Student: 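Below is a structure I'd like to ask you about.
Everything numeric here is computed off the predicted structure, so don't read it as measured data. The first residue of the sequence shown is numbered 1, and numbering continues consecutively from there.
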Amino acid sequence: MTERDTTPEPGTGPTTGAATRPTGAGDGPDGRTERSTPPAASRGAGDEPAAGGPAHGPDDGTATGTDEPSHPARRFWSTRRLPAAALAVLLLAALGPLLYDIVAVRADRPASAWRTELADQLARRSLDDPWVVAVAAALVLVGLALVVAALTPGLRGLLPMRRSDPRVRPGIERNAAAQVVRDRAMGVAGVRSVRVRVGRSRVRVSARAHFRDLDEVRADLDGAMRLALAELDLAHRPALRVQVGRPAG
């Protein structure tokens with residue numbers, strides 16, 4: 001778990017994790033069940049937890065079992081040091097010689113040959129010249145990339161957690177969140193292996209059960225996953241999708 005207040009780096013996709021348990025006796029026939037749990041906002045107030053799963057409070061994304069007031073939690077912003085450094089180096093390389101030559105001309109020295117040639121080329125070429133259009137298009141693309149980098153938070157691999165203190169901004173990495181969910185899933189009886197993908201808006205859990213009825217395993221796994229997400233205390237509770245099947249072969 002991390003606590004920091006930074007500004008984004010271009011992000012990463014959902015984290016995938018896998019864990020295995022030794023095969024037990026009594027593998028059942030091939031089968032597969034799947035359950036998709038919508039976000040808390042789309043469920044009714046009277047919905048009950050899945051059979052066999054642990055009971056928990058309302059899935060509203062803020063309930064943590066304490067009466068501490070919560071504060072708005074926004075995504076972390078990346079400092080983007082690499083793009084800023086690259087832009088600074090390019091500007092220095094392009095504008096440094098130009099400023100030096102301008103100062104030299106002001107000091108009654110002849111202009112550099114490259115600046116004279118550049119001025120002649122710009123004077124001869126029209127606006128519809130292919131070279132002029134190509135350079136202008138490249139500059140527009142660079143400008144758009146800089147605008148997107150300035151207006152988007154980045155740090156997609158860092159999920160914000162609920163804030164109980166306005167001075168602290170807690171967060172957890174996706175791979176760490178996936179590990180927590182995966183460990184909880186492996187504690188369900190009958191689960192042999194599980195893969196977890198944690199995204200910004202959805203958590204996907206795919207498990208293989210080598211004994212017990214698949215519906216029972218899915219119900220227990222669904223309850224365990226709800227409890228694990230509640231313990232993570234994320235600022236925006238993701239939707240949960242649980243899928244259970246038999247091992248191949």
Student: So, taking the atom named CE in M161 and the one named NE2 in H236, what distance separates them when rounded to the nearest 0.5 Å?
Tutor: 13.0 Å

Student: Are Y100 and L98 connected in the hydrophobic side-chain network, where two residues link if heavy atoms are under 4.5 Å apart?
Tutor: no

Student: Shortest non-hydrogen contact from V132 to L127?
Tutor: CG1-O, 3.8 Å

Student: Test side chain to side chain donor-acceptor pair (under 3.5 Å) on Q179 and N175 and set out the steps.
Tutor: CA-CA 6 Å; Q179 183 66 48; N175 56 353; over 6 Å; no

Student: From R200 CZ over to L234 CG, what is the distance, rounded to the nearest 0.5 angstrom?
Tutor: 12.5 Å

Student: Apply side-chain contact (heavy atoms from CB on, under 4.5 Å) to V103 and L99, showing your working.
Tutor: CA-CA 6 Å; V103 172; L99 292 176; 5.5 Å; no

Student: From R226 CZ over to R184 CZ, what is the distance, rounded to the nearest 0.5 angstrom?
Tutor: 14.5 Å

Student: Tell me the closest heavy-atom pair linking A185 and L221, and the distance in Å.
Tutor: CB-CD1, 3.6 Å

Student: Under a 4.5 Å side-chain heavy-atom rule over Ile, Leu, Val, Met, Phe, Trp and Tyr, are V135 and L141 clustered together?
Tutor: no

Student: Mind listing the closest non-hydrogen atom pair of L214 and A209 along with its distance?
Tutor: CD2-CB, 4.1 Å

Student: At what distance, to the nearest 0.5 angstrom, does CG of L227 lie from CG of L232?
Tutor: 10.0 Å

Student: Shortest non-hydrogen contact from P238 to V203?
Tutor: CG-CG2, 3.6 Å

Student: With side chains defined as the heavy atoms from C-beta onward, is the minimum distance between V194 and V188 less than 4.5 Å?
Tutor: no

Student: Please give me the minimum heavy-atom distance between R208 and R246, naming the atom from each residue.
Tutor: CD-O, 3.3 Å

Student: Considering all heavy atoms of both residues, which atom of W114 and which atom of D101 are nearest to each other, and what is their separation?
Tutor: CZ2-CB, 4.4 Å

Student: Out of curiosity, T116 OG1 to D120 CG, how far, rounded to the nearest 0.5 Å?
Tutor: 7.0 Å

Student: Got a second to check how far L95's CG is from L90's CG, nearest 0.5 Å?
Tutor: 10.0 Å

Student: Is it true that R218 and D222 have a side-chain N and a carboxylate O under 4.0 angstrom from each other?
Tutor: no

Student: What I'd like to find out is whether the side chain of I102 reaches to under 4.5 Å of the side chain of R115, using heavy atoms alone.
Tutor: yes

